[in-house]
Number of protein chains: 2
Amino acid sequence: MAVSPAIEALKDALKALPGVGPKNAQRMAFHLMERNREGAQKIADALNHALQAVTTCQRCNTFCETEVCEICSSDKRDRELLCVVETPADLQAIEQVGAYQGLYFVLMGRLSPLEGIGPDKLAFKRLGEIVANNAISEVVIATNITAEGETTADYTQQLLAPYDLTVTRLARGVPVGGELEYMDQRTLAAAFKDRRRAE
Amino acid sequence: MAVSPAIEALKDALKALPGVGPKNAQRMAFHLMERNREGAQKIADALNHALQAVTTCQRCNTFCETEVCEICSSDKRDRELLCVVETPADLQAIEQVGAYQGLYFVLMGRLSPLEGIGPDKLAFKRLGEIVANNAISEVVIATNITAEGETTADYTQQLLAPYDLTVTRLARGVPVGGELEYMDQRTLAAAFKDRRRAE
């Protein structure tokens with residue numbers, strides 16, 4: 001006997017959240033209805049507002065609420081540098097570090113033959129136009145160091161080969177604080193291959 | 001530099017979900033905006049519908065969308081049996097087993113001095129009225145076997161003591177499929193204390 005069709009529908013809808021299965025969705029639905037109706041209203045309102053307000057920057061393709069995002073319209077950024085990332089979340093992670101002062105380009109995904117995501121599903125065409133029409137001296141490819149991210153990086157590198165610019169990729173290696181004993185083999189192999197001259 | 005105030009607000013709102021911290025909320029917000037706007041709309045709509053439609057049964061206090069829930073208005077249930085549970089989720093778990101055919105009463109929470117939840121915050125008054133005004137022969141206290149659940153059960157038991165009815169509590173013991181070697185000490189102690197005559 002179903003407690004309430006509206007709660008069943010809510011459970012079902014919550015499964016759209018990443019990493020949330022049926023059990024977790026049920027727990028969330030009951031928690032919100034039992035103990036936090038105010039929070040539930042806040043989520044519904046925030047979702048509706050974001051769906052209406054959030055669009056993508058016409059230049060770099062990241063999320064923003066205006067035509068061109070704050071970073072692209074800032075006069076404090078180095079416009080000769082372009083960093084290619086998979087998603088707005090990656091862009092934000094890099095911004096939080098504060099070590100990069102150039103512009104970005106967001107592909108909005110990664111190449112994934114298994115999920116049917118080919119080059120035409122990502123913003124490569126626009127990336128080519130930007131590189132062709134702007135005085136860019138270096139493109140830093142900052143995709144994830146995963147199989148799909150590396151494939152995306154390889155494709156991006158090929159795409160940029162005809163242009164007169166430097167293409168770089170993020171350093172792979174042992175993370176800061178990492179212990180060699182516990183490092184996986186591929187990371188250790190990459191750290192050896194990309195070893196740098198001691199200064 | 002914040003990507004979008006609307007996404008920041010969404011991240012913040014998603015933290016109302018149980019077990020969701022800032023990192024997870026960010027992942028959910030980006031996932032929905034990047035890859036599942038349809039799912040996001042479904043969640044917003046389901047929340048709004050549930051907030052508007054879901055109320056509590058006037059008799060047993062569980063969630064329902066009518067004045068009296070399906071179980072309370074069914075003529076197939078044993079009206080002399082009353083099972084007291086903490087939440088509608090507990091009621092649903094018991095219903096899914098199908099081993100109980102009586103009515104329910106939902107306290108909507110558990111006693112928790114640490115969280116400031118005293119007896120006045122739960123539906124004990126209504127429970128007293130139901131027991132006083134109906135021909136109930138047995139009340140099964142089915143609160144969780146946690147510190148707070150057991151406190152709630154003790155309080156319920158005291159509340160029901162003046163009435164002429166049998167009060168029972170769920171059996172505590174080794175779960176079916178459980179191995180003694182891996183059982184915690186308190187469960188094993190309870191299983192010994194509540195041991196039953198071999199049949």
Side-chain angles (χ1 to χ4, degrees), chain A residues 1-20 24 26-55 57 62-66 69-71 74 87-92 95 108-109, chain B residues 1-20 24 26-55 62-66 69-71 74 87-92 95-96 108-109:
Chain A
M1 214 174 275
V3 170
S4 145
I7 292 184
E8 291 304 314
L10 176 57
K11 280 188 215 170
D12 199 55
L14 287 169
K15 284 187 278 179
L17 294 169
V20 173
N24 217 339
Q26 167 164 323
R27 186 169 150 244
M28 288 175 168
F30 278 123
H31 175 92
L32 290 176
M33 289 297 119
E34 263 170 53
R35 268 169 280 176
N36 200 354
R37 290 196 168 216
E38 207 178 306
Q41 189 62 64
K42 229 175 110 190
I43 295 174
D45 294 345
L47 280 169
N48 277 323
H49 177 61
L51 284 167
Q52 175 263 313
V54 177
T55 174
C57 171
T62 198
F63 288 140
C64 72
E65 297 176 27
T66 45
C69 77
E70 275 186 70
I71 295 175
S74 163
T87 65
D90 297 333
L91 184 159
Q92 201 171 38
E95 276 300 286
M108 276 299 173
Chain B
M1 213 173 274
V3 170
S4 146
I7 291 184
E8 291 304 312
L10 177 56
K11 280 189 217 170
D12 199 56
L14 287 169
K15 284 188 278 181
L17 294 170
V20 174
N24 217 340
Q26 166 163 324
R27 186 170 150 244
M28 287 174 167
F30 278 123
H31 175 91
L32 290 177
M33 289 298 119
E34 265 169 53
R35 269 169 280 175
N36 200 352
R37 291 197 168 214
E38 206 178 307
Q41 190 62 63
K42 229 175 110 189
I43 295 174
D45 294 345
L47 280 168
N48 277 323
H49 176 61
L51 284 167
Q52 174 263 314
V54 177
T55 174
T62 197
F63 289 139
C64 72
E65 298 177 25
T66 46
C69 76
E70 275 186 68
I71 295 174
S74 162
T87 65
D90 297 333
L91 183 159
Q92 201 171 37
E95 276 301 285
Q96 275 161 7
M108 276 298 172

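Numbered from 1 within each chain, the chains take letters A, B, ... in sequence-line order.
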Rounded to the nearest 0.5 Å, what separates atom [atom1] in [X] from atom [atom2] in [Y]?
| X | Y | atom1 | atom2 | answer |
| --- | --- | --- | --- | --- |
| B:Thr87 | A:Phe30 | OG1 | CZ | 7.0 Å |
| A:Leu14 | B:Met28 | CG | CE | 8.5 Å |
| B:Ile43 | A:Asn48 | CD1 | CG | 11.0 Å |
| A:Lys42 | B:Lys15 | NZ | NZ | 8.0 Å |
| A:His49 | B:Ser4 | NE2 | OG | 7.0 Å |

Worksheet item: Taking all non-hydrogen atoms of both residues, which atom of B:Ala16 and which atom of A:Gly39 are closest, and how far apart?
Response: CB-CA, 4.0 Å
Under a 4.5 Å heavy-atom cut-off, does chain A meet the side chain of [X], its backbone, both or neither?
| X | answer |
| --- | --- |
| B:Leu32 | side chain |
| B:Lys11 | side chain |
| B:Ala89 | both |
| B:Gln26 | side chain |
| B:Met33 | both |

Discussion item. I'd like to know if the side chain of B:Glu65 and the backbone of A:Ala6 have a donor-acceptor N/O pair within less than 3.5 Å.
Written reply: yes
Worksheet item: Is chain B contacted by the side chain of A:Ala40, its backbone, both, or neither, given a heavy-atom distance below 4.5 Å?
Response: both
Practice prompt. State, with a plain yes or no, whether a side-chain heavy atom of A:Arg37 is found less than 4.5 Å away from one of B:Leu51.
Written response: yes
Item to complete: Compare all side-chain heavy atoms of A:Leu10 with those of B:Val54 and state whether any distance is below 4.5 angstrom.
Response: no
Discussion item. Heavy-atom pairs under 4.5 Å with chain A: which of B:His31, B:Gln96, B:Arg35, B:Met108 has the most?
Written reply: B:His31
